[in-house]
Every structure is written in C-alpha cells, then in structure tokens.
Amino acid sequence: MTTALIFLILYFAAVVLAAKLFSRNIKNLQDFFLAGRSLGAWPVALSFAASWFGAASTMGSINAFHDKGFSGAWDIVIPSVMSFVVITLFMARPVAQQSHLSQPEAVESHYGRLGRLLLALIILASTTTLIGSQMVAAGKVFQSVFGLDITLATLISTGIVVAYSMYGGYFAVVVTDIVQVLFIVVGFLILLAFTAGQAIPDAAHWAQFVSGKPDSFWSWSHHWQQNIFMAVTFVLAWCIAPEMWQRMSSTRNPDLAVRASIQATFVMMLLFGLVISIGMLSAQVIGKSDAVLVDLALKIPTPALSAMVLLGFVAAVTSTMDSSLNVSSLTLTRDIYHGFLRPQADMRELLRASRVATAIMVLPAMAIALYFQNIIQILWISADIYASCMFFPVVGMLYLKNPGRWSGVLAMIFGGLTVVLSALFQHGLLPAPAFWPIWPFSTLLGISMSGLGFGLGYGLSRRSAESADPPMPTPDESSEIVAVPEPG
C-alpha cells in the first residue's frame, strides 16, 4: 500500500522533527521528564488518554467485541473507566502534591533506599512488558500492510518511536500525544462509517445476524464473577501506575491534576464508544480474525481513507509506547544510574544518560514482544506486576502519615516473589503445586501476599518505633515529691 507508506513516512518525519525542536528547551531532568511541571489540564488530559489508549484498547478491544459481543467490555473498557474514576477521586491530587521527580524517589522518603531500588526494578519489569505489547501491535500492522517479516516490522516501528522519544523527552511525548489523539479520532470515525455502511443496510442480513448470535454475545454479564475479579485487579494495577504518576506530576498544581483526570475520562469514553461500535458491527462484516482492525482497514476501497485508519491505529500504539519508554528512561536514569551508580553525575551527563536509557529499554521489550506475540496477555503480565507489588506501598505512602520503612519493602518483596513463582509455574519452568491458583486468580494471591507483607512490615515498624522511644513515666514511677518548708 503505497499511500499508507507515504502517510506513515510523513507522519513519523513530522514527529521526529518536532521532537528535535523541543529538545532545545530541555535544560534539566525535570524538563526532560515532567516538562518543567508547567502543563495545564487539557494537554495532560489528552496525553493521559493517548498513553492509555494503546494496542490493547484498540486492536485488543475491537477483537474482544467482535468475538464476545457486549461482554468484551470487561477486557479493557469497563476496567479502564473504573480506573479513571478511582484516579480522579483518590489519586490525582495527592500525587500532584508530591515534589519528587520520580515515583521511586518519593518511595525512598517513606521506605528507605532499599524501597526505592525495589520499586525501580518493579517499574522497569512492568514497563518493559507494556512496551513489548505495543511492539507486537505495531509489528503486526507493518507486517500485514507491507508484507514485512514480523521481526523486521517490529524493529522499524520501534526505532521510529525511540528516535523522537530520545530527542524531545516528555514534552515531545505530550505534544505528539495530542496530535495522535486527533489521528485516532479521525481514523476510527472513518472505520466506523465504513463498518456501519457494510453491516447495517441489509435489514434481512442484520436480523439474521442478530438472531444467530448466542445470548452471551448481547449480554455484558457473561462470566461476570471472573470479569469483576479481573476488573478489580486491573484497577489496582493502573490507578497507581508510574504513567499516571508522571502525568499528574507534570501539572502546575493539584487542582489542574484533578481537572485533567476528569477531562481524560471523558476523552476515553469517547474513544471507547468508537471502539465498541466498530467491534460489534465488525462481527457482521468479517469472520474470525486475530487483527480485526487491520482487516477492516484493508477492506476500505479508498487508499487514502484506509491509510488514515491505519495511521490512527499506529498513533494509538506509539502514544502508549513513547509514554512507557519515557517512564522507563526516568526510572533507569534517575533511580538506578543517578540514585545508585553515579550520584555525582552532573546534569549534562544525566541528560545524555536519559537518552541512552530510552534506547536501552527497547532491548528486553523486544525479546518479550517476539516471544509472546499476544497483546492482551502481555498487558496483563504488566498489570499483574503493578497490582501485586506496587498497590499497597504506593497507597500507604500517600494515605498513611508514617507507614514505616518495612511495610513497603516487605509488600514489594512478598508480592514480587509471588509474581515470579506464578510466571515460572505458568510457563512450565517449575512444577506447579496443586494448591497454586492459575492465572488470572494467581494475581489475587500476589495482591494478598503483598498486603500481608505490608501489614507485617507496618507492625514491625511500629514496634521498632516504640522500642526506640523512652517510655513515659507512670504516676507510680514518678519522682518523689520533696516537701519545701514554708517561709518562717
């Protein structure tokens, strides 16, 4: 598809050029990673929605609605809306009130340097898998449209995102995210109009389609117990994610952070409305497919319109990938390199290290992408890590006056060990005991173990604090009262 290739080349050339221009204003790490904490509500809202609305929310959700009908809303849509509500009500303001540059840096003030190191490693593990899921999606598009080998397609699409993320940092990410939201909306409106035009006009065919589908296709409550459990897990993971933390921290004040979260919620509902409509209607247009969105786009007879749809999808993927790359670079630069390896590094060295870190993070993500090749599966691995390891430490830090150092450390250790064991059991690297739950229920075990670790650590911290303070004398133990003779 020559038209699609031209569109993609022009699009990527524009974002790389814009990133190069924005790089001139970067003077320090706060500029590179938080845009100098200078952003208003709407830029943050649009960037937040774009970073959230990636491969799983587009290709994954459309596939889910195509295969499952309304019950496909439980895969991504319902959990995402729930997450945005929780972020707006409980997370946006306290996060924006933090003065630290990174999430692990804020953790250090409550759980010590070990807590900072553990959280940094957890974030890197989770963002690596998230980047991998976007690589899978971008690679599949390039493979389907241009007939490229999947490895080569993944390398090309990822290399372009790395290029503009390295140059412009977070401000370039925000600006390109805003443009990408526009491409997403235009592309998906085109796809909706085409899909509806194919599905609806033939009334007899539509009636046959409706009557031929099982009741579960038209019901949102199919397997509702498992769906509710997975939704709660999703919320616990993403309401404390570092991508959210970075967005809220980049606003000028906490009020703007709350407003940005509200606005992002409405933007996401608009985008998901398009996804739901396309997915449901697509079940009448094409048969079984692993990439419904791409197959629909390739059916559009006008090459320019087909290219716009594919560009909208690529924009959705890259807007999530660049956000995760920037968060990963922040963690690797600020919390590992500067926090532990080179605390004496000057600002020029740190800015250079942040760009190198952006490129380095691609390597393990590439290995994950080529191994799994499943967008939803990789996304849930990332969510499992966040929920099992980070929820209790982050919420405890924000809402407890003095949670104690051991509470966060033990929560991360207990949850992390459970995640690692579950992964080893699930992939057959270790024999699984009979009592060990399978995924997704193993996530509940990870969250429970993390909560147990937090409670134990909180008790240990309280006991240590009490033993360190000298006991106050009781009335029986107080000094004798010495009578003072009255004058005369």
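For the single chain, residues carry numbers from 1 onward in sequence order. FYI, side chains are in, hydrogens and waters are out, and symmetry mates aren't considered; it's all heavy atoms of this structure.
- When side chains are defined from C-beta on, W74 does not count as touching K68, because their heavy atoms never get closer than 4.5 Å.
- For S261 against T88, the heavy-atom pair with the smallest separation is OG-OG1, 2.6 Å.
- Evaluated for a side chain to side chain donor-acceptor pair (under 3.5 Å) with W52, the options S47, S80, S319, S83 yield exactly one hit, S80.
- Interatomic distance, OG of S99 versus CD of E105, reported as 8.0 Å (0.5 Å rounding).
- Note: L293 CG to I278 CD1 = 7.0 Å, rounded to the nearest 0.5 Å.
- By the 4.5 Å heavy-atom criterion applied to side chains, L325 and V362 are counted as neighbours.
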Exercise. Between S323 and R247, does a side-chain hydrogen bond (donor to acceptor under 3.5 Å, both in side chains) hold up when you go through it step by step?
Worked result: CA-CA 10 Å; S323 298; R247 294 305 185 281; 2.5 Å; yes
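- Here M82 contributes atom CE and I87 contributes atom CD1; the two are 12.0 Å apart, rounded to the nearest 0.5 Å.
- Closest approach of S102 to W245, counting heavy atoms only: C-NE1, 4.2 Å.
- Open room surrounds CZ on F90; 12 or fewer heavy atoms of other groups in view lie less than 6.0 Å from it.
- Counting heavy atoms from C-beta on, the side chains of I262 and V258 come closer than 4.5 Å.
- When the shell of 6.0 Å around CG of D290 is examined, it contains 12 or fewer heavy atoms from other residues, nucleotides or ligands.
- Remark: side-chain polar atoms of Q284 are paired, donor with acceptor, to backbone N or O of A199 under 3.5 angstrom.
- The number of heavy atoms from other shown groups lying within 6.0 Å of CE (M347) is above 12.
- Judged by distance alone, with hydrogens and angles left aside, the side-chain atoms of Q246 form no donor-acceptor pair with the main-chain N or O of V327 at under 3.5 Å.
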For this session: Please step through side chain to side chain contact (heavy atoms under 4.5 Å, CB included) for the pair L34 and L101, ending with a clear verdict.
Result: CA-CA 8 Å; L34 293 180; L101 183 62; 3.6 Å; yes
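- Using a 4.5 Å cut-off on side-chain heavy atoms (C-beta onward), F32 and K27 make no contact.
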Exercise. Going through the distances and angles, do M244 and C239 end up as a side chain to side chain contact (heavy atoms under 4.5 Å, CB included)?
Worked result: CA-CA 7 Å; M244 176 279 301; C239 75; 5.9 Å; no
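- Between the CE atom of M321 and the CG atom of N326 there is a distance of 14.0 Å, given to the nearest 0.5 Å.
- When every heavy atom of S57 is checked against every heavy atom of I76, the shortest pair comes out as OG-CG2, 3.6 Å.
- Across all their heavy atoms, D322 and Q180 have their closest contact at OD2-OE1, 4.0 Å.
- Although no hydrogens or angles enter the test, the distance criterion places no donor-acceptor pair under 3.5 Å between the side chain of S61 and the main chain of T58.
- Contact check for S354 versus S329: side-chain heavy atoms found under the 4.5 Å cut-off.
- Side-chain contact between L330 and Q103: absent, with no pair of heavy atoms (C-beta onward) separated by less than 4.5 Å.
- The minimum heavy-atom distance linking T320 with S51 is given by the pair OG1-O, 2.8 Å.
- Within the 3.5 Å criterion, the main-chain N or O of G287 finds a donor-acceptor partner in the side chain of H66.
- Between the side chain of T127 and the backbone N or O of I123, at least one donor-acceptor pair lies under 3.5 Å.
- A donor-acceptor pair shorter than 3.5 Å can be found between the side chains of E349 and Y337.
- Residues F48 and F84 place their aromatic rings such that the two centres sit under 6.0 Å apart.
- In this structure a side-chain-to-backbone donor-acceptor pair under 3.5 Å is missing from S306 to T302.
- Under the side-chain contact (heavy atoms from CB on, under 4.5 Å) test applied with V267, the options L271, L270, T265 reduce to a single match, L271.
- Between the side chains of T195 and S282, no donor-acceptor pair of N or O atoms lies under 3.5 Å.
- Contact of the F188 side chain with the I184 side chain is registered, since non-hydrogen atoms from C-beta on lie closer than 4.5 Å.
- Although no hydrogens or angles enter the test, the distance criterion places a donor-acceptor pair under 3.5 Å between the side chain of S382 and the main chain of S126.
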For this session: Go through F53 and F272 one step at a time and tell me if the ring pair (Phe, Tyr, Trp, His ring centres under 6.0 Å) criterion holds.
Result: CA-CA 9 Å; F53 200 74; F272 277 132; 5.5 Å; yes
Exercise. Passes side chain to side chain contact (heavy atoms under 4.5 Å, CB included), V44 versus S250? Steps please.
Worked result: CA-CA 8 Å; V44 172; S250 66; 3.7 Å; yes
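- Rounded to the nearest 0.5 Å, atoms SG (C389) and CG (L119) are 9.5 Å apart.
- In this structure, T176 OG1 and F183 CZ are separated by 11.0 Å, a value rounded to the nearest 0.5 Å.
- The closest side-chain heavy-atom distance from R37 to S249 is below 4.5 Å.
- Annotation for S289 and N63: closest pair O-OD1, 4.2 Å, computed over non-hydrogen atoms.
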For this session: Carefully, step by step, assess L305 and L191 under the rule side chain to side chain contact (heavy atoms under 4.5 Å, CB included).
Result: CA-CA 9 Å; L305 295 180; L191 188 60; over 6 Å; no
